[in-house]
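Every chain is numbered from 1, with letters handed out A, B, ... down the list of sequences.
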Amino acid sequence: MELPKILDHTQIEEKWYSHWLDKKYFRSVPDEREPYTIVIPPPNVTGVLHMGHMLNNTIQDVLIRKARMQGKNACWVPGTDHASIATEAKVVNMLKEMGISKKDISREEYMKHAWEWKEKYGGIILKQLEKLGASCDWDRTRFTMEDDLSEAVIDVFIDLFNKGNIYRGVRMVNWDPKGLTAVSDEEVIHKEVNSKLYYVKYCIVDSPQSTVHSEAVDSGLSSVDYITVATTRPETILGDTAVCVHPNDERYKHLKGKFAVVPLINRVVPIIFDDYIDIEFGTGALKVTPAHDINDYNLGIKHHLEIIDILNDDGTLSEKAELYVGEDRFAVRKKIVVDLEEKGYLEKTEEIKNKVGYSERTDAVIEPKLSMQWFVKMEQLAKPALENVMNDNIKLIPDKFKNTYKYWMENVRDWCISRQLWWGHRIPAWYDGKGNYVVAKTEGEAIKIYTENFRGLWTVDSRLTQDEDVLDTWFSSWLWPIAVFDGFKYPDGKDINYYYPTNDLVTAPEILFFWVARMIIAGYEYRKEKPFSNVYLTGIVRDKKGKKMSKQLGNSPDPLDLIKKYSADGIRTGMLFSSPAGNDLLFDEKLCEQGRNFTNKIWNALRLLKGWEIDVEKKSNNEPAFLWFENKLEQLKENLEKSYSGYRMSETLIDLYKFIWDDFCSWYLEYVKPPFGEKIDLVSYNKTLVYFEELMKLLHPFMPFISEEIYHHLKERKEGDDICIAPYPKINSFDVRIIAEGEKIKEVISAIRDVRNKNGLSPKQTLKVFIHTNEISVYQKFANLIEKMANISAINFTSTEVENTSSVLVQTDKLFIETGIALDAESEKKKIVEEMDYYKGFISSVEKKLNNERFTQNAKPEIIENEQKKLADGKSKLKSLENSLAKL
RNA sequence: GGGCGCAUAGCUCAUCUGGUUCAGAGCACCUGCCUUACAAGCAGGGGGUCCGCGGUUCGAACCCGUGUGCGCCCA
């Protein structure tokens, strides 16, 4: 059968993927083999594949495919995350298009729509992963909001509550006025923006009963004592309950015991003294708004200040503000500045740069807000998680993230886990309307507990209502490695005992704390054991300008288009070519092109092989090539293993790429390739088949499709003999001397080709070459390869200089090449003299080193030996050059 | 403001415990080739004061200090 010049990748991708599925190669059930387990970082159920997923999942697939070939029971668990906020946004949008407002429907109706949305659009991403070749056990696909996983979430909540690790409290939270929910600290992005700093005058009075004369205000406050405070948020003036200055600030010492009057609303507030104040900033006086700033809140607690919350949940001003009620905070900011100015309260305005928090999900400016929320106490829980990363029981790769991790875990703050949404796990807390509550799995249990805890309060008319809020999505994903193996439902189940702890986790450093740290915490809390042994942290995929690739920026190519264009193997290769662990990767489509070209190269190597006709009578004269190649192949395998064990995936792939392209295609195949019109001997043919097959096995984890396709073209295969489950090649010993000989022969061939090239001689013209060497036997061994590859007549050996030839040094040997072209004596001389100068310098530096007693005393013997060899070689080269010079 | 990290060829990155014959790849670039597997290719080539300065060492791209520039995290 004639093989096409270019392989149709889409066709083989579909063919092999469905074949692998049919054969259930990705299916894993516990057995006597050693398990190798990865749980996928569950993508948002709303998600579509982006470049970050491509990178991440390619790495996981490489690891899992290799483990599978190595005979381990490889299990890659896929699934999706219910992603409260993201999904809620999608569903609300969908309802809007249907003309329905969330406010107008019940929670039950809303959830029905949400589930419908999920069934219809959710999980597309998993289908997309198949296109990439991901070898997940799809029978194990999980979803964080499915029944079993939800039950685990609720049970964990109740358990932590009962242990006293979950509490309810008024806390300053990051409020997202657009999403109408609290968000965690990690979901707040601080951006530097240009702001204005407003200097506002507050009148000073002696007692809380004092009032300010309106005429004093109108006259620009010239006749009354006042204090100026600086603020970037003038609208919060309406919630001020104190003015604070530093106790050591000479400017304000006289204000002890006095009061300030809040402009516009004339609220009289105390002047307090606290060393929290930065004397240098602004005027050294701070307006204190406990309800709307975390630092102010802390000051408020310390000095027992009144807390006035002037904002509604949607960011408009509340009744408490007295003025501008119902108007948006940013509109009010503009208005109040005008009003302050008009009334003479505004002293001046300055431009400053400051950091403002934005919601990661909605991009709204975050409002610090006092709110009743649920929290997880983190300090004690975090301890084993910190310890076991620091002692490398769990390894972070690369380990530079240990520092960051340590810092975060040592300064861990309590985790706000309630979210004001409907899509998610509803908090299992029940309230009686009188300020009492209980935590329980069901209403029935809640009533039971309630009647026990609050004896006498329960009457026939009593009702308990469940908390309206749901839990933070991470509160379910932190259980993922346990939950996917039903470790909560069946703590002693077969799956959890077999697969847990898992081996490798591959994820992005951005969620090291969000997710990875919390999984570790949950692992120690609920299994007394780490959830995984290694965490491979990928980089961020950026575009060529260094911008993070994202849908919002529109700078990310569609992965499926890329697959169509460059093949799944091509993309996988492209992603991995430039992505050492933990380093960002600047994505360039050219890399995918390079990957695709590589598949083409391999395909054409196959076409070459399949085009050969075999002559069973013919004897092989390629033994030296086999010997060199076999040793080099073993060395490659060793190097690959080294790179793998250090999780240097990029390096592994590049080594393989170079080996296949250069050593196999450019050298080995050219060595054994029969001259045009001739047949190949059986030994060479079979050896080549074996090498090719082995290389495809090594390549399979990276390029599953092309390797499987080639595997089946190389030989007739029995049913069930697929590369996907073929045994991964074992490393055998090798002789570095044989490899060195082969490499030298390559150098010799290149050197002759170079002379040919520089003299403009055609590759078709056979040249005559004389060689001066101490290793005649090596040349004799490889003679026919050299003659063939460099197109020269039989090699001549010489012990003297050869007249009228171009000479070139290869290691310590000297080649004299008859070019038939007269040499330019002057330029040759110049070249030789330059080279001699270099070697003279080289020799003297080595001699200096060897003559240094401290060196010979301190350096390891093999280093000294090597220096001596360097010296001898250098001298021999210099001598050779001197001879050349003398001849000219 | 606090913490972490980075700086090597035009670009993106290697150099794994300080020691191979002037630091290696890929891309890009230059020269010559449509040579019966592959132009998605072949054969060659040029290109580096390893950010500056100081130190430790027999020996530094690598260790220490310092300066400069850049990135990330936290407040």
Side-chain angles (χ1 to χ4, degrees), chain A residues 3 5-7 185-186 188 190 278 294-295 355 357 398 400-408 411 413 509-510 512-513 540 542 544 546 566 570 577-580 582-588 590-591 593-612 642-643 645-646 648 650-651 654-655 657-658 661 665-666 669-670 673 676-677 749-751 753-758 760-764 789-791 809 811-812 838-839 841-843 845-846 848-860 862-867 869-874 877:
Chain A
L3 296 171
K5 206 164 170 179
I6 286 170
L7 179 65
D185 292 337
E186 291 78 11
V188 179
H190 295 272
D278 176 1
I294 182 66
N295 297 310
K355 294 253 176 110
K400 66 176 179 187
F401 287 107
K402 263 170 90 169
N403 281 328
T404 329
Y405 182 87
K406 179 166 181 256
Y407 185 80
W408 194 76
N411 297 286
R413 278 169 300 165
E510 306 152 307
L512 183 58
F513 312 128
I540 294 166
R542 298 177 183 279
K544 272 190 276 187
Y566 298 111
F577 263 144
S578 67
S579 94
N583 280 2
D584 289 358
L585 100 98
L586 272 73
F587 180 78
D588 187 341
K590 271 217 119 76
L591 293 170
E593 191 182 331
Q594 207 184 330
R596 180 203 56 186
N597 293 355
F598 186 37
T599 63
N600 184 242
K601 184 73 187 176
I602 296 167
W603 179 246
N604 277 288
L606 177 78
R607 289 181 63 222
L608 174 68
L609 183 88
K610 299 306 271 186
W612 287 339
K642 267 190 221 158
S643 307
S645 63
R648 293 188 298 271
S650 191
E651 201 176 308
I654 288 171
D655 281 352
Y657 173 87
K658 284 195 288 194
W661 200 302
C665 293
S666 298
L669 287 179
E670 294 295 337
K673 180 170 157 184
F676 183 61
I749 294 166
S750 290
R753 285 170 173 173
D754 186 28
V755 169
R756 187 192 288 281
N757 233 312
K758 289 217 165 104
L761 300 172
S762 159
K764 286 172 184 152
M789 299 287 282
N791 190 14
L809 283 173
Q811 298 179 12
T812 54
Y838 164 71
Y839 280 111
F842 175 73
I843 288 165
S845 84
V846 179
K848 217 165 109 191
K849 207 185 241 185
L850 283 167
N851 290 337
N852 183 337
E853 266 181 44
R854 303 229 279 182
F855 172 70
T856 46
Q857 278 165 10
N858 291 318
K860 284 177 260 172
E862 59 268 31
I863 301 290
I864 296 170
E865 203 180 303
N866 189 50
E867 288 299 316
K869 184 163 182 300
K870 273 158 75 174
L871 183 63
D873 287 354
K877 284 183 180 183

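- Within 4.0 Å of Arg756(A), counting heavy atoms only, lies no atom of the nucleic acid at all.
- OP1 or OP2 of rG5(B) has at least one side-chain nitrogen or oxygen of Asn403(A) nearer than 4.0 Å.
- Considering only side-chain N and O atoms, Lys601(A) lies under 4.0 angstrom from the phosphate OP1 or OP2 of rC42(B).
- Under a cutoff of 6.0 Å and an axis angle of 45°, Lys877(A) and Tyr839(A) do not form a cation-pi pair.
- Separation of the C1' atoms belonging to rU12(B) and rC73(B) is 25 Å when rounded to the nearest angstrom.
- In terms of position on RNA chain B, the residue among Gly874(A) and Phe676(A) whose nearest nucleotide sits closer to the 5' end is Gly874(A).
- On the C1' atoms, rG46(B) is 37 Å away from rG55(B), given to the nearest whole Å.
- Under 4.0 angstrom from either OP1 or OP2 of rA37(B) there lies no side-chain N or O belonging to Trp661(A).
- With rounding to whole Å, Leu512(A) atom CG is found 11 Å from rC74(B) atom P.
- Listed candidates were rG44(B), rA40(B), rA37(B). Nearest to the side chain of Leu608(A) is rA37(B).
- The phosphate of rG26(B) (OP1 or OP2) has no side-chain N or O of Lys590(A) nearer than 4.0 angstrom.
- rU8(B) and rC70(B) have their P atoms separated by 14 Å, given to the nearest Å.
- Within 4.0 Å (heavy atoms only), Ile6(A) reaches at least one base atom of the nucleic acid.
- At the heavy-atom level, Glu510(A) lies nowhere under 4.0 Å from the strands shown.
- Residue Arg607(A) places none of its side-chain N or O atoms closer than 4.0 Å to OP1 or OP2 of rA37(B).
- rA14(B) sits 27 Å from rG41(B) when the C1' atoms are compared, rounded to a whole Å.
- Here rA40(B) is the nucleotide among rG45(B), rA40(B), rA39(B) with the atom lying nearest to any side-chain atom of Asn600(A).
- Considering only side-chain N and O atoms, Ser845(A) lies nowhere under 4.0 angstrom from the phosphate OP1 or OP2 of rC22(B).
- Going from the C1' atom of rC62(B) to that of rU15(B) covers 9 Å, rounded to whole Å.
- In this structure, rG52(B) and rU66(B) make a Watson-Crick or G-U wobble pair, each of the two defining distances being under 3.5 angstrom.
- Residues Glu867(A) and Ser750(A) both approach RNA chain B. Their nearest nucleotides, taken by heavy-atom distance, put Glu867(A) toward the 5′ side.
- Taking atom C1' in both rC30(B) and rG69(B), one finds a spacing of 33 Å when rounded to whole Å.
- Nucleotide rG44(B) has rC30(B) as its partner under the Watson-Crick or G-U criteria, with both atom distances under 3.5 Å.
- For rG44(B), one of the phosphate oxygens OP1 or OP2 lies less than 4.0 angstrom from a side-chain nitrogen or oxygen of Arg753(A).
- Here Lys658(A) lies in heavy-atom contact (under 4.0 Å) with sugar-phosphate atoms only.
- Proximity of Ile863(A) to Phe855(A): side-chain heavy atoms (C-beta onward) are separated by under 4.5 Å at one or more points.
- Of the listed nucleotides (rG44(B), rA37(B), rG19(B)), rG44(B) has the atom at the smallest distance from the side chain of Asn757(A).
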